[in-house]
Number of protein chains: 2
Amino acid sequence: MTIHKHAPDIVVGRLPVYLRALSAMQAAGKHVTSSQELADWLGISSAQIRKDLSHFGEFGKQGTGYSVAMLQERLRHILHLDREWPVVVVGMGNIGNAIAHYTGFERRGFRVVGVFDNDPSKIGARIGAFVVQDTASLISFVREHDIRHAMLAVPAEHAQSVADMLIEGGVVAILNYAPINLVVPPHVRVEYIDPVAHLQKMTYYIS
Amino acid sequence: MTIHKHAPDIVVGRLPVYLRALSAMQAAGKHVTSSQELADWLGISSAQIRKDLSHFGEFGKQGTGYSVAMLQERLRHILHLDREWPVVVVGMGNIGNAIAHYTGFERRGFRVVGVFDNDPSKIGARIGAFVVQDTASLISFVREHDIRHAMLAVPAEHAQSVADMLIEGGVVAILNYAPINLVVPPHVRVEYIDPVAHLQKMTYYIS
DNA sequence: TAGATTGTTAATCGATTAACAATC
DNA sequence: TAGATTGTTAATCGATTAACAATC
């Protein structure tokens with residue numbers, strides 16, 4: 001059995017940020033960059049970038065820096081983004097709707113393959129490219145399609161029970177838009193999107 | 001001149017999370033809680049909660065714990081949420097639309113007071129309770145209404161120039177939905193909402 | 001009072017930064 | 001070669017945890 005030592009979580013969380021910056025650089029026509037240039041771009045230190053990357057290997061050339069295309073490719077590989085992952089969305093309110101219409105997933109490694117709601121007036125309706133399915137069929141759907149990722153946009157009071165269903169079907173990565181903390185087994189990851197929490201945090205520093 | 005020493009940023013960022021948990025507890029009819037109960041709820045250590053709170057004062061009773069209502073009130077005060085803050089939304093695509101329809105702001109200290117876009121086919125249209133205004137009038141609007149908060153939901157290529165306008169009008173807290181890093185002066189805070197980055201981070205741990 | 005839980009101190013742990021030899 | 005920048009080490013800095021006296 002292979003013992004696989006993960007990099008620190010806080011480092012892993014910065015890799016998508018680096019990827020985002022590299023995409024912007026590529027769009028700007030840059031072919032080569034340096035830890036210093038990336039650092040200026042992101043407002044962090046160049047040492048941190050080099051240290052972070054050193055957890056995964058050596059990707060640069062002394063005196064020259066990094067190939068933008070190559071570093072992107074390597075980071076995508078590290079994050080397992082060198083394939084496309086199917087994702088389901090549960091909850092077709094405002095937020096679920098916006099997600100179902102959002103076109104930015106494919107380019108970055110994901111594809112929404114199904115959207116769900118438990119409201120009879122929504123089930124069967126078209127939203128964007130999708131027909132809304134009944135949440136009652138959620139477990140079998142994620143199981144049959146081998147889905148690991150879900151975006152959860154149901155009201156707070158239903159978030160935990162829907163999360164339980166997703167996990168039963170095999171989902172291990174949940175992006176939770178409901179402003180409530182989920183309790184999940186250790187093999188499941190949850191990340192939270194709570195815009196108001198960000199506004200509240202920034203407000204501490206005002207006046 | 002008063003020298004005001006801020007608590008660590010990482011601690012400030014957890015206060016909204018505590019506030020969220022306390023709201024859930026209040027909704028569940030709890031009147032009193034403890035650092036241990038909050039910790040279990042959130043999946044962190046009770047020592048961290050007590051240490052975090054100790055940056056701001058003493059809010060509990062030995063042997064008893066914390067009054068849910070009182071701790072909420074104190075945290076709201078610390079975060080300057082004991083008033084309602086006006087917010088503008090710029091960019092009326094999918095995401096801006098969802099934000100304009102979202103009803104969860106008021107309860108947590110914010111009120112959307114204006115929505116903007118630069119697309120002539122959208123300007124003047126009703127979206128939720130709002131009439132879409134021309135981005136050309138953004139600077140004067142935020143200045144006249146003394147607005148400090150903005151949510152930025154324009155395409156990535158326009159995010160920086162709109163941010164510059166917001167800042168010129170006096171905005172100091174920007175919640176950026178565009179997957180691009182903004183460069184801003186030191187008195188301005190930016191937080192990022194990038195759902196795909198969260199999905200990418202979680203994907204590192206899969207398989 | 002006895003039991004429970006706070007607020008705080010000190011120890012531990014981990015992350016960031018500075019510095020530089022290696023080398024393209 | 002000379003200049004630039006990496007990858008890495010060691011030092012610093014900061015955050016988390018454990019432990020417990022204080023006290024409700």
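Lettering follows sequence order; numbering is per chain, from 1.
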message: Less than 3.5 Å apart, any donor N or O on the side chain of B:His149 or A:Thr203 sitting next to an acceptor on the other?
response: yes
Side-chain H-bond candidate by donor/acceptor type, A:Ser54 with A:Arg50, under 3.5 Å: no
d([atom1], [X]; [atom2], [N]) in whole Å:
X       : N      : atom1 : atom2 : answer
A:Met70 : D:dT6  : CE    : C1'   : 13 Å
B:Lys61 : C:dG3  : NZ    : C1'   : 16 Å
A:His55 : C:dG14 : NE2   : C1'   : 10 Å
A:Gln48 : D:dG7  : CD    : C1'   : 15 Å
A:Gln36 : C:dA19 : CD    : P     : 14 Å
A:Phe59 : D:dG7  : CZ    : P     : 8 Å
A:Asp9  : C:dC13 : CG    : C1'   : 16 Å
A:Ile10 : C:dC13 : CD1   : P     : 18 Å

- prompt: Between A:Tyr66 and C:dC24, does any side-chain N or O lie under 4.0 Å from OP1 or OP2?
  reply: no
- request: Considering just the side-chain nitrogens and oxygens of B:Arg14, establish if one lies under 4.0 Å of OP1 or OP2 belonging to D:dA15.
  value: no
message: Of the options C:dC24, C:dG7, C:dC20, whose atoms approach the side-chain atoms of A:Arg50 most closely?
response: C:dC20
message: Using heavy-atom distances to pick each residue's nearest nucleotide on DNA chain D, tell me which of A:Ser54 and A:Gly63 is more 5'.
response: A:Gly63
message: With nearest nucleotide decided by heavy atoms, which residue, A:Lys51 or A:Gln62, maps closer to the 5′ end of DNA chain D?
response: A:Gln62
message: Mind checking if B:Ser46 touches a base, just sugar-phosphate, or nothing, with heavy atoms under 4.0 Å?
response: nothing
statement: By nearest-nucleotide position on DNA chain C, the 5'-leaning member of A:Ser45 and B:Thr64 is B:Thr64
- request: Anything under 30° is parallel, anything over 60° is perpendicular, the rest tilted; go ahead and classify A:Tyr204 against B:His6.
  value: tilted
Lys/Arg N to Asp/Glu carboxylate O, B:Arg76 vs B:Asp82, below 4.0 Å: no
- prompt: Do NZ/NE/NH1/NH2 and the carboxylate oxygens of B:Asp9 and B:Arg189 come within less than 4.0 Å?
  reply: yes
A:Arg83, CZ atom: more than 12 neighbouring heavy atoms under 6.0 Å: yes
message: Give me the stems containing DNA chain D, sorted by first residue, counting only three or more consecutive Watson-Crick or G-U pairs with both distances under 3.5 Å; say none if there aren't any.
response: C:3-24 with D:3-24
query: Ring centres of A:Tyr192 and A:Tyr177 under 6.0 Å apart?
result: no
